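Note that this is a predicted model, so its numbers are computed, not measured.
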There are 2 protein chains.
Amino acid sequence: MKRSQITLKDLAKELDLSASTISRALGNHPAISEATTKLVQKKAEELGFTPNSIASSFRKKKTQSIGIIVPRIDIYFHSLVISGIEDYAYKKGYNVSIFQSKDSLKREQEITKILQNKMVEGLIVCLTIETDTYDHFKKFKRLGIPLVFYDRVPKDQDVNSIIINDFEASYKATEHLIEKGCKRIAHIAGNQFTPIFKARYEGYKAALQKHHIKQDPNLIGFTKNLNYEEGVLQAKHFLQQASIPDGIFCANDYTAVSALQVFKKAGIDIPEDTAIIGFSNYPISQVIEPHITTVNDRAFTMGKEAAKLCIRLIEDEQESVKETISIQTELIIRESTLRGHLN
Amino acid sequence: MKRSQITLKDLAKELDLSASTISRALGNHPAISEATTKLVQKKAEELGFTPNSIASSFRKKKTQSIGIIVPRIDIYFHSLVISGIEDYAYKKGYNVSIFQSKDSLKREQEITKILQNKMVEGLIVCLTIETDTYDHFKKFKRLGIPLVFYDRVPKDQDVNSIIINDFEASYKATEHLIEKGCKRIAHIAGNQFTPIFKARYEGYKAALQKHHIKQDPNLIGFTKNLNYEEGVLQAKHFLQQASIPDGIFCANDYTAVSALQVFKKAGIDIPEDTAIIGFSNYPISQVIEPHITTVNDRAFTMGKEAAKLCIRLIEDEQESVKETISIQTELIIRESTLRGHLN
DNA sequence: CTGAAAGCGCTTACAG
DNA sequence: CTGAAAGCGCTTACAG
C-alpha cells in the first residue's frame with residue numbers, strides 16, 4: 001500500500017510559521033505562546049497531522065520501545081508476564097515488541113542479533129531451557145541497552161533479574177502438608193538443571209528435614225518437562241509403593257492435576273487419603289474437582305516489576321548496580337489439602 | 001544508561017572507503033566487488049558494528065514491524081493467535097508490537113492514536129467487546145497502513161478479516177449430538193451482540209431445524225461473558241427442567257466444563273445420560289474427566305493467516321480488494337460425547 | 001566498481 | 001516568544 005503523509009514543514013507553510021515553532025507547539029513547549037500553541041494544535045488536528053515518530057525517534061535516539069524474548073507466548077505463565085509488562089509499559093508510554101525463542105538457544109541468539117541496534121531501548125528476557133552460554137547478551141551491555149531477566153535467569157552472572165522465592169514457597173507448601181498431618185510426602189519435580197525447579201525440590205527437602213520426616217527416594221518423581229503425561233507416570237509410580245503417599249507436592253499445576261486424577265481413579269480420596277499441592281495457580285487448579293491448593297506465582301506482578309526495573313534503567317542514565325527482585329508468592333489453600341473439612 | 005555507537009562513517013574512515021560503499025557492501029549490493037564486500041563485512045564484525053536500524057528505517061520508510069491490538073494477552077485464544085502471528089512475521093523479517101485494549105473501546109481508541117505514524121507498517125486487530133464505532137481505524141486507511149481484523153471483526157464494513165466458520169462448526173457440533181442419539185439438546189450461548197456467538201447460536205438452531213427437533217426456549221442459556229460461573233448457573237437451570245437435556249452444545253469450553261461438573265455432581269452420567277460439546281479446544285478440555293468433545297478453532301493458524309495477509313498487503317503496493325479468510329475448524333471428538341462406548 | 005551529495009522529517013542549541 | 005541552521009545515520013539516484 002502507498003502512504004502519503006503530511007509533514008511538519010507542510011504545516012509550517014500552511015500556518016506561515018517556522019518548523020521549529022510547530023515542533024515546539026506540538027510538544028507543548030513552554031516558550032511558545034499559548035495562542036500559537038493552540039493554533040498549531042488545532043490545525044494539526046484539522047489536517048490529521050501527527051509527527052512522524054520514526055523521524056522523531058531517530059532524532060531523539062529514543063524509540064520508547066522494549067523488547068521481550070519469551071520461550072513461547074502461548075504458555076499461560078508467560079502470557080501473564082507479558083500482560084504485566086505491557087500494562088506497565090503502556091502507562092509509561094513504552095510499547096513492547098515480542099519474540100519467541102521456542103526454547104531454542106539458536107533462535108535466542110538469532111533474536112539478539114536482530115535486536116541489537118533494532119528499535120528497543122531495553123530488553124526483558126526469559127532464557128530458553130537450553131541456554132547455558134550468555135555471550136549473545138554481552139552486546140547489549142556495550143550498546144547501553146539494559147537487560148532484565150525473569151524466571152529463567154543466567155546462572156552465576158551479575159545481572160538484573162526478577163524471580164520468585166521458589167525455595168521458600170516450596171518449603172511453605174510442604175510445611176502446609178505436614179501441618180495437615182501428612183507423613184509420607186511425595187514430590188513431582190521438574191528438570192533439576194533449571195534453577196527454579198531445583199529450588200522447589202530443595203525447599204521440599206528442607207521442610208521435611210526441619211520436621212524430622214525422612215525422605216523416601218521412591219516418593220521423588222523427576223520429570224523433564226513437568227507435563228501432564230509425565231505427571232501421570234510419576235503418580236502411577238507412587239501408587240505402586242507398598243505404602244502410598246498421603247501428601248504430594250507437585251512442582252507445577254499440570255502434574256498436580258495428573259496426580260489428582262490418577263489417585264482419584266484409583267479410588268483414593270483427595271484430600272482425606274492424600275492431599276495434593278500444585279504450583280503456579282493455573283486456571284485449571286480452581287476448576288478441577290477438588291480444587292487444588294497451589295502457589296500463586298504472581299506472574300502478572302513479575303511482568304510489571306520487570307517492566308518497572310527495565311524502564312528505570314532506561315531512564316536513569318547511570319549504570320547502576322545489578323538488581324535482583326524477588327516476588328513474594330502466596331499459598332492459595334483450596335479443597336485438595338483441606339483434610340477433615342470436607343465430607 | 002548511556003550508549004556509545006559506532007556509525008557507518010566511522011567504519012568508512014577506518015577503511016578509507018566512502019559511506020556509500022560501506023552501506024552497499026553491508027547490504028551485499030551486487031555492484032560492489034566481492035573483495036570490498038568481504039573486507040567491509042569483516043571489519044564490521046570486528047568492530048561489532050551493526051547499522052543503526054532506526055536511521056535505516058527512517059531513511060527507507062520501512063520499519064518491518066506490525067502492530068497487534070488484542071483484548072488481553074493472557075486469554076489463551078489470543079496468546080495462540082499472537083504466537084501464530086509472531087511465528088510467521090519472524091520468518092518474514094517483521095517484528096510485532098503488542099497492545100492490550102482490555103476490552104475497553106476508549107483504550108482501543110487511545111492505542112490507535114499512538115499507533116498512527118508510530119513505527120508499524122501494518123496492524124492486526126481483534127476488536128473490544130464494546131466496539132461499535134470504527135472511526136478510529138479510518139486514519140490507517142489514509143496513512144496507507146493495512147488493517148487486518150480477526151475473530152471480533154467490524155460489522156457491515158468492507159475490511160480484511162480472518163474468521164472461523166462459526167455457523168458451520170456449530171451446525172456440525174450440534175449434528176454430532178443428534179447423531180449420537182440426543183433429542184433434547186441445550187445450548188449455552190454467548191453475548192448475542194457479538195457476531196461469532198450469534199453465529200454459533202444460529203448454527204445450533206439450524207441443525208435442530210434440519211433434523212426436525214423443535215427448540216425448547218428453556219434449553220437455551222444466554223450468558224454475557226461465557227465464563228465458568230455463568231455456565232454453572234445455566235447448567236443448574238437446565239437441571240431444573242422437568243426433562244433434562246440429553247445433549248448440551250456450549251459456545252465455549254469454560255461453560256462446557258461448568259455444565260460437565262454441575263451435571264456430574266447431580267449424579268448424571270456424561271456422556272450416557274447427557275453428552276456435552278464445548279468450543280475452542282482449550283487445554284482443560286482434554287484434561288477434565290471425561291475429556292470434552294470440542295471444536296478446534298485453530299487459533300494459531302488464524303494468527304498465521306492474519307500475519308500472512310497483513311504482510312502481503314504491506315508488500316503489495318496496490319490497494320487490493322478487501323479479503324475475508326475463513327479458517328476451517330475441526331470437531332475433536334472425545335469421551336464427553338462417546339455414548340455407548342464407555343462403561 | 002566507487003564516491004560525492006542530497007535528503008528522509010524531525011529536534012534543539014543558539015541567536016535575537 | 002520565534003526562527004535559521006545544523007544534524008541525527010543512513011540510503012540511493014546520479015555521475016564517473
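Listed by first and then second residue, the salt bridge (Lys or Arg N to Asp or Glu O under 4.0 Å) pairs involving residues 22-35 of chain A are A/Glu34-A/Lys38 (not counting sequence neighbours). Applying the salt bridge (Lys or Arg N to Asp or Glu O under 4.0 Å) test to residues at least two apart or on different chains, the pairs with a partner in residues 147-163 of chain A are A/Asp103-A/Arg152.
The salt bridge (Lys or Arg N to Asp or Glu O under 4.0 Å) search around B/Asp16 returns none, not counting sequence neighbours. Every residue was checked against the side-chain hydrogen bond (donor to acceptor under 3.5 Å, both in side chains) condition with A/Ser53, not counting sequence neighbours, and none meets it. Qualifying side-chain hydrogen bond (donor to acceptor under 3.5 Å, both in side chains) partners for A/Glu14, counting only residues two or more places apart in sequence or in other chains: none. By the side-chain contact (heavy atoms from CB on, under 4.5 Å) test, B/Thr21 is found to be paired with B/Leu17, B/Ser18, B/Ile32, B/Thr36, residues two or more places apart in sequence or in another chain being considered. With sequence neighbours excluded, the residues satisfying side-chain hydrogen bond (donor to acceptor under 3.5 Å, both in side chains) with A/Lys139 are A/Thr112. Listed by chain and number, the residues in a ring pair (Phe, Tyr, Trp, His ring centres under 6.0 Å) with A/Phe99 amount to none (sequence neighbours excluded). Scored by the side-chain hydrogen bond (donor to acceptor under 3.5 Å, both in side chains) test, B/Asn28 finds B/Gln41 as partners (sequence neighbours excluded).
Listed by first residue number, the stems of DNA chain D with at least three Watson-Crick or G-U pairs below 3.5 Å are C:1-3 with D:14-16, C:5-12 with D:5-12, C:14-16 with D:1-3.
Heavy-atom contacts of chain A under 4.0 Å fall on DNA chain C between two terminal nucleotides, which in 5' to 3' order are C/dG9 to C/dC14.
Heavy-atom distances under 4.0 Å link DNA chain D to B/Ser20, B/Ser23, B/Arg24 of residues 13-37 of chain B, given in residue order.
A salt bridge is defined here as a Lys NZ or Arg NE, NH1 or NH2 lying under 4.0 Å from an Asp or Glu carboxylate O, and A/Glu46 with A/Lys43 meets this definition.
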